[in-house]
Each structure stands twice: as structure tokens, then as C-alpha cells.
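Counting starts at 1 for both ligands and their atoms, in listed order. Everything numeric in this text was worked out from a predicted model, so none of it was measured.
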Amino acid sequence: METYTVTVEPIGAEIECREDQTVLDACLREGIWLPHACTHGTCGTCKAQVLDGELDLGDASPYALLDSERDEGAALLCVATPRSDVTIEGEVDVEAGVEVHPVRDYTGTVVGLEDIAPTVRRVRLELDRPIPFNPGQYVQLSTPAGETRPYSLAVAPADATTIELHVKRSPDGAATEGWIFKDLAVGDAVPVSGPYGQFFLRPARDEPILMLAGGTGLAPMKAMLRHIEDLDSGHEVVLYHGVPTAADLYEHEWLQEFAAAHGWFTYRPALSQEEFEGRTGRVPAMLAEDYPRASGNVAYICGSPAFVRDTMKALMKARLFPRDIYREDFFDSADRAAGSTVVRSPLIRR
Ligand SMILES: Cc1cc2nc3c(=O)[nH]c(=O)nc-3n(C[C@H](O)[C@H](O)[C@H](O)COP(=O)(O)OP(=O)(O)OC[C@H]3O[C@@H](n4cnc5c(N)ncnc54)[C@H](O)[C@@H]3O)c2cc1C
Ligand code: FES
């Protein structure tokens, strides 16, 4: 197996990258924090210019990397692998006060599988050692078919040996219907890598927090809530959880108890198909009612790309702008095939 040298400009860092390894993976394992979100060639966040040398562009979505961009020497680093020594120009992205945790490989033993809503399964994995991460980040599971799938960590960094994931069943989904909801059993060993992603709590920001979760987009919010509790930081948090019906509300009792125990936390279920405490509607509509002006808050949005897009629009209408909004889109193969996944504004945080 060949190994090549990747030089990352403008910082001039030189790292080794195997021919079967993506450039992003090699950089994240060395603690070089390049922009990324989906890590599957879908969103375009990791796009970078190749200054010298040859990359195999891999499985880059044609929507995320246009033919014209390929012709001009751009690549999606999360799917590109080296074919020679290469030099890339990356936007090394370290925010003040944010700790960078290099990606590592772990083995997770399944210690719990629990159906917590009609289409959601809680998966608990005991890792061979603790995983350091920022609350909100995700891990990749390797499936028996040799594919990887991202899932957000739903535990606080302080509880980082036994991790918890919230997995939604996708009709005909290769990893979910084909494995996690089918053959996966307690005692199985699962390859896990991480942490990934730039969607995580910024504790240094002291504005009130709006957490806006669609479905299993609740997972990273749970990690952040637990962490805020551990920090005892005094942040005020309002969480909206959008699901179709009351039966789809999971962690409902825990969230109610958490709200009763912590004066700083407010929990608002948003049911699109039923009434809940006299209200009904999707999260963006509820936000529009509750926050005619949202400026002065910081928002974290997570869920399907459609949920994130609509919630983002509602916040921007209420005059909360991209510098105050963090987002995680749960892209899947259908989103990728539809090509509606690319966020082109560099102002929008990932
Ligand atoms: C950063 C990130 C974090 C995530 N975190 C979570 C999480 O915490 N919890 C969670 O539940 N999910 C999460 N996801 C989504 C998750 O990674 C998987 O995409 C999801 O579980 C579906 O995987 P699958 O293999 O079962 O489905 P896939 O096989 O990927 O298919 C998904 C759907 O698309 C359809 N489909 C497949 N191929 C095509 C095609 N070519 N054209 C049209 N339709 C197609 C399938 O029938 C299925 O309904 C996250 C995604 C990202 C990017
Ligand atoms: S992180 Fe590379 S395309 Fe999304």
C-alpha cells in the first residue's frame, strides 16, 4: 500500500496519507481541523483547491462538486484519496476556545438496544476506551457491508466510555432496516470512529440558547444538555422537539423531569399532526409565533435537511443571522440522490 505526503497550505503542515485513506481523514487524525460536515461527499463543506499533485476524487456528489469545479482543480477532501504527493489549500478552522479532538478508531460492544419510539432505536455501545469529543459531534459506525454511517453522540463527554445513539429507521435503509433494526444484537462488536463534525456546543457564548431538533436530531441536543448540566454554566435553554405525533416523542419523560429539575431549561414538544398542550404545528411555525424577534439568542438546529432549511428560514425571518446559528443536517442516500443537499453560502455555519 502506497503512502503519500499531503501538504496543507497555508499552514504548511505535512502529513502522511495512505492511498486508500481520504485526505480529510488523514488530517483529522493529525488534529488538523479542516471544515467538514457530512464526511460522505454530499454537502460540499470540505471543498478545497488542489495546488499540486493528483487526487482520486472518489464518490463526490456531482451536486456538491460541479464539473466546472473539478476542471478547476477542486476536490471534496472527505472522499478524495491521494495518487501522488499532493498540496492542498485548506481553510484550517480552529475557533478560539474550541478543543480539537483527533479522530481515532474504537471497538464498541453493543450493550443495549431499545425501541424508544415507533421508528427510533436507542443503541448503547461500550467502547474499548473513552472517546474525547465536544458535545454535539458524531461518530461513524462501520456496517457489516463495509459502509460507514454517521450517528450523533447522545451522551455528555463526561460519560464517554458507554455511548448512546438514537437511530431512526429508514424504509429500505441499508444500515437501519438492513442491520441496526434487523440483525444487530447485544454483544456484537462494531467498529466506531470519531469524533467528527463542527456542530457542537460553544460554551463560551453566553447568549440564551435555542435548541431546535427534528426527530432524532434530539441526540446531539441531549449531549449538549447533559454537558451544560455538568458545567453548571447558567446558560438558559429552550428546546423545541418536532415530531409528527405524541407517540413519536421520545425522551419525553426525561425531558419533562430535566425541565422540572432545572429552572434554566424549557421543553416544548412540537407535534405536526396532533395537539400538545393546546398547540399544534411544526417547529418553524411555533418559532415564528414565539419569537417574532430571535436576535440575541444563539441557535442549534439538527434534523433532516428539510427541517434544518425550514427552521433556518424561520430564524432568519426573525432576524437571527448565520453567525448565531449552528446546524447539522442528517443527510442520507435519498437526500444525496436528490442533490438538494448543498449549502452554498459560506456564511452558514456547519
Ligand atoms: C452528520 C450526520 C449525523 C447523523 N446522525 C444521525 C443520528 O444521530 N440519528 C439518525 O437516525 N440518523 C443520523 N444521520 C443519518 C444516518 O447517518 C443515515 O443516513 C440514516 O440512518 C440512513 O441510513 P441507511 O443506511 O439505513 O439508509 P440508506 O441506505 O442511506 O437510505 C436512506 C433512504 O434513502 C433511500 N435511498 C437509498 N438510495 C437511494 C437512491 N439512490 N435514491 C433515492 N432514495 C434512495 C432508502 O430507501 C432509504 O429510505 C446522520 C447523518 C449525518 C450526515
Ligand atoms: S464533508 Fe465533504 S462533502 Fe460534506
Evaluation steps, side chain to side chain donor-acceptor pair (under 3.5 Å), between Asp71 and Ser68: CA-CA 5 Å; Asp71 293 345; Ser68 56; over 6 Å; no
Audit row: Trp254, Tyr267, ring-ring contact (aromatic ring centres under 6.0 Å, His included) steps and yes/no: CA-CA 11 Å; Trp254 177 75; Tyr267 167 48; 9.0 Å; no
Show, in sequence, the C-alpha distance, side-chain angles and deciding distance for Arg279 and Glu289, and conclude whether the salt bridge (charged side-chain N to carboxylate O under 4.0 Å, His left out) test is met. CA-CA 11 Å; Arg279 298 182 79 183; Glu289 275 175 29; 2.9 Å; yes
Taking only heavy atoms of Tyr138 into account, list the atoms of ligand 1 that are under 4.0 Å away from them. 1 (C)
Heavy atom of Asp329 under 4.0 Å from ligand 1?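 Right, Asp329 reaches ligand 1.
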Within less than 4.0 angstrom of ligand 1, does Val167 place any heavy atom? yes
In ligand 2, which numbered atoms sit nearer than 4.0 Å to a non-hydrogen atom of [X]?
| X | value |
| --- | --- |
| Gly41 | 3 (S) |
| Thr39 | 1 (S), 4 (Fe) |
| Gly44 | 3 (S), 4 (Fe) |
| Thr42 | 3 (S) |
| Cys78 | 1 (S), 2 (Fe), 3 (S) |
| Ala37 | 1 (S) |

Report yes or no: do Val120 and Leu239 belong to one cluster of Ile/Leu/Val/Met/Phe/Trp/Tyr joined by side chain heavy-atom distances under 4.5 Å? yes
Are Ile163 and Met224 connected in the hydrophobic side-chain network, where two residues link if heavy atoms are under 4.5 Å apart?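 In one cluster with Ile163: Met224, no.
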What is the nearest protein non-hydrogen atom to [atom], stated with its residue, atom name and distance?
| atom | answer |
| --- | --- |
| atom 33 (C) of ligand 1 | Asp332 OD2, 3.7 Å |
| atom 35 (C) of ligand 1 | Ala334 CB, 4.0 Å |
| atom 27 (O) of ligand 1 | Gly173 CA, 3.2 Å |
| atom 9 (N) of ligand 1 | His166 O, 2.8 Å |
| atom 16 (C) of ligand 1 | Pro150 O, 3.5 Å |
| atom 21 (O) of ligand 1 | Tyr151 OH, 2.7 Å |
| atom 29 (O) of ligand 1 | Ala174 N, 2.9 Å |
| atom 23 (O) of ligand 1 | Arg149 NE, 3.4 Å |

Given the ring of Tyr4, does Arg18 sit roughly above its face, with NZ or CZ under 6.0 Å from the centre of the six-membered ring and within 45° of the axis? no
Stacked cation flag Arg202 on Phe200, 6.0 angstrom / 45 deg: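 Yes, a cation-pi geometry.
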Hey, mind stepping through Val23 and Leu55 against side chain to side chain contact (heavy atoms under 4.5 Å, CB included) and telling me if it holds? CA-CA 9 Å; Val23 174; Leu55 288 178; 3.7 Å; yes
For ligand 1, is any non-hydrogen atom under 4.0 Å from Phe330's backbone (N, CA, C, O), its side chain (CB onward), both, or neither?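 Phe330 to ligand 1: contacts from backbone and side chain alike.
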Answer with side chain, backbone, both or neither: which part of Ile180 has a heavy atom less than 4.0 angstrom from an atom of ligand 1?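 For Ile180, there is no contact with ligand 1 at all, from either part.
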Heavy-atom distance to [atom]: which of [options] wins?
| atom | options | result |
| --- | --- | --- |
| atom 2 (Fe) of ligand 2 | Cys46, Pro35, Ala64 | Cys46 |
| atom 24 (P) of ligand 1 | Ala175, Ala154, Ala145 | Ala175 |
| atom 46 (C) of ligand 1 | Ser170, Pro171, Ser333 | Pro171 |
| atom 10 (C) of ligand 1 | Thr216, Leu141, Leu165, Val120 | Thr216 |

Lys/Arg N to Asp/Glu carboxylate O, [X] vs [Y], below 4.0 Å:
| X | Y | value |
| --- | --- | --- |
| Asp248 | Lys168 | no |
| Asp332 | Arg149 | no |
| Lys222 | Glu164 | yes |
| Arg122 | Asp115 | no |

Step-by-step side chain to side chain donor-acceptor pair (under 3.5 Å) determination, Thr39 to Gln140: CA-CA 9 Å; Thr39 55; Gln140 306 257 20; 2.8 Å; yes
Classify the contact between Leu77 and ligand 2 as side chain, backbone, both or neither, using a heavy-atom distance cut-off of under 4.0 Å.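 The answer is neither.
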Between Cys43 and ligand 2, find which residue part has any heavy-atom pair under 4.0 Å and reply side chain, backbone, both or neither.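 The part of Cys43 near ligand 2 is both the backbone and the side chain.
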Within His40, is some N, O or S atom less than 2.8 Å away from atom 4 (Fe) of ligand 2?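 It does not; every qualifying atom lies at 2.8 Å or beyond.
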Passes side chain to side chain contact (heavy atoms under 4.5 Å, CB included), Asp335 versus Phe330? Steps please. CA-CA 9 Å; Asp335 301 313; Phe330 281 178; over 6 Å; no
So, is Lys168 polar-close to ligand 1, with some N/O to N/O distance under 3.5 Å?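 Lys168 vs ligand 1: N/O contact under 3.5 Å present.
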What's the verdict on side chain to side chain donor-acceptor pair (under 3.5 Å) for Ser142 and Glu147, showing C-alpha distance, side-chain angles and the deciding distance? CA-CA 6 Å; Ser142 296; Glu147 297 185 326; over 6 Å; no
